[in-house]
Amino acid sequence: MNAPVLPKDVKGSPETVTTGPVTGSRKAYASPAGRPDIRVPYREIVLSDPKEEPVRVYDPSGPYTETDARIDLNAGLPGVREPWIAARGYAAVAPRAVKPEDNGFAGDKLVAPCPAERTIRKAAPGQSVTQYEFARAGIITEEMIYVAHRENVCREKMLAGAEAALADGQSFGASVPPFITPEFVRDEIARGRAIIPANINHTELEPMAIGRNFLVKINANIGNSAVTSSAADEVEKLVWSIRWGADTVMDLSTGRNIHNIRSWIIRNSPVPIGTVPIYQALEKVGGDPLKLDWEVFKDTLIEQAEQGIDYFTIHAG
């Protein structure tokens, strides 16, 4: 456990977070050929038979399960994507001002935001920003290289017998190759058959792909409520979700302190974070749907995108 030092008057800010290796396994990293700057995580599970090699598996747990994890929640996780994003030349912009309604008019119960400082970026008109736009333009990004190596569980060569194993199974219409290349990732995204949810303002993100021709992914739901509103609880929920294999996490918070608690979640999340924006938008108008108009909803989308939310669920019944 690590206990970052926080101001005494901060209410509900995280004090501890679960860290340390998962019993019977170890966290490791490997780099794709020619890209030592890209470190992709995986996990090795030790088998009971010492003659058998450890089983290598996909791992979304971030640095929290490293043997000597040093987590400072105030600083947030390291910016894995920061150099990639910075090199693309997006403009740095002043963030939208936080309003009382963003935190449900919390008043004296206001939770302090995460103090980790990040550059807020915005694409210029016509400038590619999403992985889909890059893929359609024929550009292989660092995120795509990362994802390809991750889907192969950091193996540089085709796994022995992979083609035979694929032929022996039922594809159900999928076309999974025995070895994933960055070009395959790009092509699947360009075809609209896969996505890499990766906001340019979530630089702590370890890229991952969702699509029928990729490994199965698991989503976990967390969120505070009108009954309880604690940053400590939500960050710990995030950590436990990814510790046990969640590939993405949705923040479904309602009630107070939604904006500030979300800042703690995003700055300390190595996985994509999603939301249902209408939940917060309704909180801003006291839960009265008759007061919910486009301006409130649009402002909520901008607010969450600036914070680094990677994907939305839009209720548009």
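Each residue takes its place number in the sequence, starting with 1. Please read these numbers as outputs of a predicted model, since none were measured by experiment.
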Applying ring pair (Phe, Tyr, Trp, His ring centres under 6.0 Å) to F214 and not counting sequence neighbours gives F184
For atom CZ of R136, is the number of surrounding heavy atoms from other residues, nucleotides or ligands below 6.0 Å larger than 12? no
Shortest non-hydrogen contact between S253 and Y279, atoms and distance: O-CB, 3.9 Å
Salt bridge check, R191 against D187: does any charged N sit closer than 4.0 Å to a carboxylate O? yes
Salt bridge (Lys or Arg N to Asp or Glu O under 4.0 Å) partner of R262, the single match among E306, E234, E303: E303
For C114 and L73, the nearest pair of non-hydrogen atoms, with its separation, is SG-O, 3.5 Å
W240 and T18: side-chain donor and acceptor closer than 3.5 Å? yes
So OG1 of T141 and CZ of R81: to nearest 0.5 Å the spacing works out to 8.5 Å
Counting only N and O atoms by type, is there a donor-acceptor contact under 3.5 Å from the side chain of T275 to the main-chain atoms of F312? no
Compare every heavy atom of I210 with every heavy atom of P197, then report the nearest pair and how far apart it is. CG-CD1, 4.3 Å
Lys/Arg-Asp/Glu bridge criterion (N-O < 4.0 Å) met for D37, R35: yes
Expected output: side-chain N224 to main-chain T254 donor-acceptor under 3.5 Å: yes
Take H259 and Q280 through the side chain to side chain contact (heavy atoms under 4.5 Å, CB included) test and state the conclusion after the steps. CA-CA 9 Å; H259 180 96; Q280 185 183 12; 4.2 Å; yes
Nearest 0.5 Å, please: how far is OG in S263 from CD in Q307? 6.0 Å
Does any donor atom in the side chain of T300 or K284 lie under 3.5 Å from an acceptor atom in the other side chain? yes
Any link between I180 and V147 through a network of hydrophobic side chains (Ile, Leu, Val, Met, Phe, Trp, Tyr) touching at under 4.5 Å? yes
Short N-O contact, K298 and E295, less than 4.0 angstrom: yes
Which heavy-atom pair separates Y64 from P270 by the least distance, and what is that distance? CE1-CD, 4.2 Å
Pair F134, E143 - check side chain to side chain contact (heavy atoms under 4.5 Å, CB included), show working. CA-CA 11 Å; F134 284 117; E143 287 87 348; over 6 Å; no
Does I38 reach the side chain of S31, with side-chain heavy atoms less than 4.5 Å apart? no
K27 versus P41: any side-chain heavy-atom pair under 4.5 Å? yes
Tell me if a side-chain donor or acceptor on N103 pairs with a main-chain N or O of K99 at a distance below 3.5 Å. no
If I take atom CG from residue N201 and atom OH from residue Y90, how far apart are they, to the nearest 0.5 angstrom? 10.5 Å
4.5 Å side-chain heavy-atom contact, R155 and H149: no
Polar side-chain atom of N199 near backbone of A305 as donor-acceptor pair, under 3.5 Å: yes
Examine distances only and state if a side-chain atom of K217 and a backbone atom of T248 form a donor-acceptor pair shorter than 3.5 Å. no
Any chain of hydrophobic side-chain contacts (each under 4.5 Å) joining I200 to L301? no
A side-chain contact here means heavy atoms from C-beta on lying under 4.5 Å apart; do S25 and E44 qualify? no
Could you tell me if the side chain of S269 sits less than 4.5 Å from the side chain of V249, heavy atoms only? no
Does I196 share a hydrophobic cluster with Y146, counting links as ILVMFWY side-chain heavy atoms below 4.5 Å and allowing steps through other members? yes
Selection residues 196-207 - residue pairs positive for salt bridge (Lys or Arg N to Asp or Glu O under 4.0 Å), sequence neighbours left out: R118-E204, R150-E206, E204-R267
I'd like to know if the side chain of K109 and the backbone of N257 have a donor-acceptor N/O pair within less than 3.5 Å. no
Check for me, please, whether V235 and I309 land in the same ILVMFWY cluster - side-chain distances under 4.5 Å, paths through other members count. yes
Smallest separation among heavy atoms of A190 and Y132, with atom names: O-CE1, 3.8 Å
So do V276 and H315 actually touch side chain to side chain, heavy atoms under 4.5 Å? yes
Can you list the steps and then say if D102 with R96 is a salt bridge (Lys or Arg N to Asp or Glu O under 4.0 Å)? CA-CA 11 Å; D102 297 344; R96 164 192 171 281; 2.8 Å; yes
Which value, rounded to the nearest 0.5 Å, describes the distance between S225 atom OG and L252 atom CG? 11.5 Å
Would you call D59 and R43 a salt bridge, taking side-chain N to carboxylate O under 4.0 Å as the test? yes
Shared hydrophobic cluster for V40 and F179 (ILVMFWY, side-chain gaps under 4.5 Å): no
Verify the distance criterion only: is there a donor paired with an acceptor across the side chains of N219 and Y311 at less than 3.5 Å? yes
Judged by atom type as modelled, is there a donor-acceptor pair below 3.5 Å linking the side chain of W264 to the main-chain atoms of A112? yes
When you look at E183 and I140, which way does the side chain to side chain contact (heavy atoms under 4.5 Å, CB included) test go after all the steps? CA-CA 7 Å; E183 170 56 25; I140 294 176; 3.8 Å; yes
Can a donor-acceptor pair be found, under 3.5 Å and without considering hydrogens, that links the side chain of D251 to the backbone of G223? no
Would you say T65's side chain and S61's backbone share a donor-acceptor pair under 3.5 angstrom? no
Determine whether E66 and Y29 satisfy the following criterion, side-chain hydrogen bond (donor to acceptor under 3.5 Å, both in side chains), listing intermediate values before the conclusion. CA-CA 10 Å; E66 293 176 358; Y29 295 86; 2.6 Å; yes
Is V57 close to I45 at the side-chain level, that is, under 4.5 Å between some pair of heavy atoms? yes
What's the separation between atom CZ in R256 and atom OG in S230, rounded to the nearest 0.5 Å? 14.0 Å
F297 and its side chain to side chain contact (heavy atoms under 4.5 Å, CB included) partner, picked from I302, L282, I314: I314
Which pair of heavy atoms, one from V22 and one from W244, lies closest together, and at what distance? CG1-CZ3, 4.0 Å
Decide yes or no for I71 and V239: does some side-chain heavy atom of the first lie under 4.5 Å from some side-chain heavy atom of the second? no
Mind checking the CG-CD1 spacing from L238 to I265? Nearest 0.5 Å is all I need. 7.0 Å
Flag, side chain of E101 to backbone of E283, donor-acceptor distance under 3.5 Å: no
Checking side chain to side chain contact (heavy atoms under 4.5 Å, CB included) for the pair T203/W84: CA distance, chi angles, key distance, verdict? CA-CA 9 Å; T203 56; W84 313 341; over 6 Å; no
Is the shortest side-chain N to carboxylate O distance from R186 to E142 below 4.0 Å? no
